[in-house]
Amino acid sequence: MDRKRYDEFVKTFFECDATAVTEIFSEFLAAMAAEESLPPGHVMSQNYATARANPEIHTLPGNLKDARDAVFPYFWGTDGWSSPLHLENVRGPANYASFIGAVACLLKNPNLCTDTYSQRSNELEVKAITALANLIFYNTQDPWGIFTLGGTHSNMYGARIGIEKVLPGAMRNGINGEPVTGVVSEASHYSNQTVAGWVGIGTKNLHAVPTDNRMSMRIDCLIATLDRLYSQGHKVAYVVATFGTTDAFGFDNVAEIRRVIEGKAAEYGAPVPHLHADAAVGWALCFLADYDTERNPLKMTPELLPVINQAQQLCQGLKSADSVTLDFHKMGRGHYPSSAFIVNQRSDLQYLARKVEDTPYFSDADSRRDPALFTLETSRPGLGPYTVMASLNGIGMQGWQMLVSYSLELADILKRKLNNLEYCLVLNQNTPGASVCWWVLPKGRNAREIFERLVNGELPPEDAHRYFAEVRRLFDKREKTMDSTRDARLSFTTNVGYRPLGFDIPAWKAVFFNPKTDEAVIDRLVYSIEELA
Ligand SMILES: *Cc1c(COP(=O)(O)O)cnc(C)c1O
């Protein structure tokens, strides 16, 4: 080998040339600043046509600018979601404390599988997980957990523990046709279906309990479902309580679910199902758990205080969960991936445990603390712990309280304004969250009356579907006529999570995750509806 040439390119790619790196970094920052002056959305259209036809790899070793050029069009063609007009979904711009954490992590690139490969980064994970656990479970004694690749994975951990609880040895022996089932609500996230398929119980063995008009699992229906499953000989492995549904921010009553599953398990002589809270979206309300609404030190508006009180009550319920999914990359405004799976009692992780002999290349793993002995993932990025600790401590408790309550406040303001229009109807009026789901019907219709007739079974299905089509048509009309420099970007859901008489209810949707969105954006949104209907 030409040693000189080899040394040259190793120097280029494996020695940190701070000048070259910061120059390119400044160029990225400049491009981002330019992007932020443009309207949100696609600044550059996609080119899938030849993405597969021309997957070129350069022949000669280049330099860091070649690396830059290889990705730049895609960087430029990707929206950073910084615009306050983005209200589409549970996604906001990532905060810059998280960015600092991410950069630190990328410079070291720790692998969180074991202490040996991560050194103090695993310690940071323990710290981050414990901080989050104290927030969620309210100062619990012996929690543990890990950062996973996303909420779907975190939910999978919960399901897996549940399976092992009702079918000990399943990790080794498999499910072998045993009637193992899981229970969710009809408003739960579709990732639970993914999980049921991937853990091998099968999607048909995941039972969805109907919800009430707050998109909350109906306890009477949960009781009926458990009676049916137990009397048919099913092994109920886990129940997922959704804490903040992705569309409408509905909350299941975790404490009540705990009471019911313990009662039913005792009645049928079965092990208590694992109670997992999918708080991927809703966990951040826990920042408000200790907020003193009497003294109101952050001067929240009087209208908001009852919403905060309601959120505080819901958060109390999380203490009853065995484990929780928490997506920091959603309401934590952190970088992907920073989803955490946390158990209230560390002993629950024994259900996932492998022996050191089963993980041969981690032969020096320490079962007291090396995650590789129970994680689904082998290599794991350190981004979660770094971005989360940097965000938690950069922003601080009061910063978080301001961020979260601002989201709640904007949602509350939009709800109030829509309530003034009789052809509109807010569908998640009583869920204290960051999102609003609503109907827009043509002017002259009374949306509330139509909805009540629907719920009472007085609306023939063809009429219902005609109204649903109007809701959709008006949404499409706004999309076509909107001014992308001024009008907020919304999204549409075909099923808001409450299914009276089995109808999938469609809705317009706005999520207030962007800290720069303000009341003027809402006023303009309401104006655009008035112009349209
Ligand atoms: C987003 C979401 C998930 C999936 O999480 P990812 O991090 O996107 O994989 C699961 N459950 C709920 C309630 C969610 O909102």
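Note that ligands are numbered from 1 as they come in the structure, with each ligand's atoms numbered from 1 the same way.
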Min N/O separation Thr242 to ligand 1 under 3.5 Å |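 No, Thr242 has no N/O under 3.5 Å of an N/O on ligand 1.
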Geometric N/O contact Ser339 with ligand 1, under 3.5 angstrom =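 No; every N/O pair is 3.5 Å or more apart.
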Student check: side-chain heavy atoms of Thr378 and Asn111 closer than 4.5 Å |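 When only atoms from C-beta onward are counted, Asn111 and Thr378 do not touch, as no gap falls below 4.5 Å.
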What part of Thr152 sits under 4.0 Å from ligand 1 if we count only heavy atoms: the side chain, the backbone, both or neither?
-> both
Geometric cation-pi criterion, Lys319 with Phe137: 6.0 Å, 45° = no
Relative to Phe513, does Arg91 satisfy both conditions: NZ or CZ under 6.0 angstrom from the six-membered ring centre, and within 45 degrees of the ring's axis?
->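 No.
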Which ligand 1 atoms are under 4.0 Å away from a heavy-atom of Gly150?
-> 7 (O), 9 (O)
Those atoms of ligand 1 less than 4.0 Å from some heavy atom in Thr246 | 12 (C), 13 (C), 14 (C), 15 (O)
For atom 11 (N) of ligand 1, what is the nearest protein heavy atom, given as residue, atom name and distance?
->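 Ranked first by proximity to atom 11 (N) of ligand 1 is Asp278 OD2, 2.7 Å.
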Aromatic centroids of Phe243 and Trp283 separated by under 6.0 Å | no
Residue-ligand contact His153/ligand 1, heavy atom below 4.0 Å =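 In this structure, His153 fails to qualify as a contact of ligand 1 - no heavy atom is under 4.0 Å.
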Mark the output for Val90 as yes if a heavy-atom distance to ligand 1 is under 4.0 Å, and as no if none is.
-> no
Considering only heavy atoms, which of Gly250, Ser191, Gly151 lies nearest to atom 9 (O) of ligand 1?
-> Gly151
Salt bridge check: are Asp212 and Arg214 linked by an N-O gap of less than 4.0 Å?
-> no
May I ask you to decide whether Arg258 forms a salt bridge with Glu262, counting only side-chain N to carboxylate O separations under 4.0 Å?
->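 Yes.
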Please determine which of Val236, Val166, Leu167 meets the side-chain contact (heavy atoms from CB on, under 4.5 Å) test together with Pro271.
-> Val166
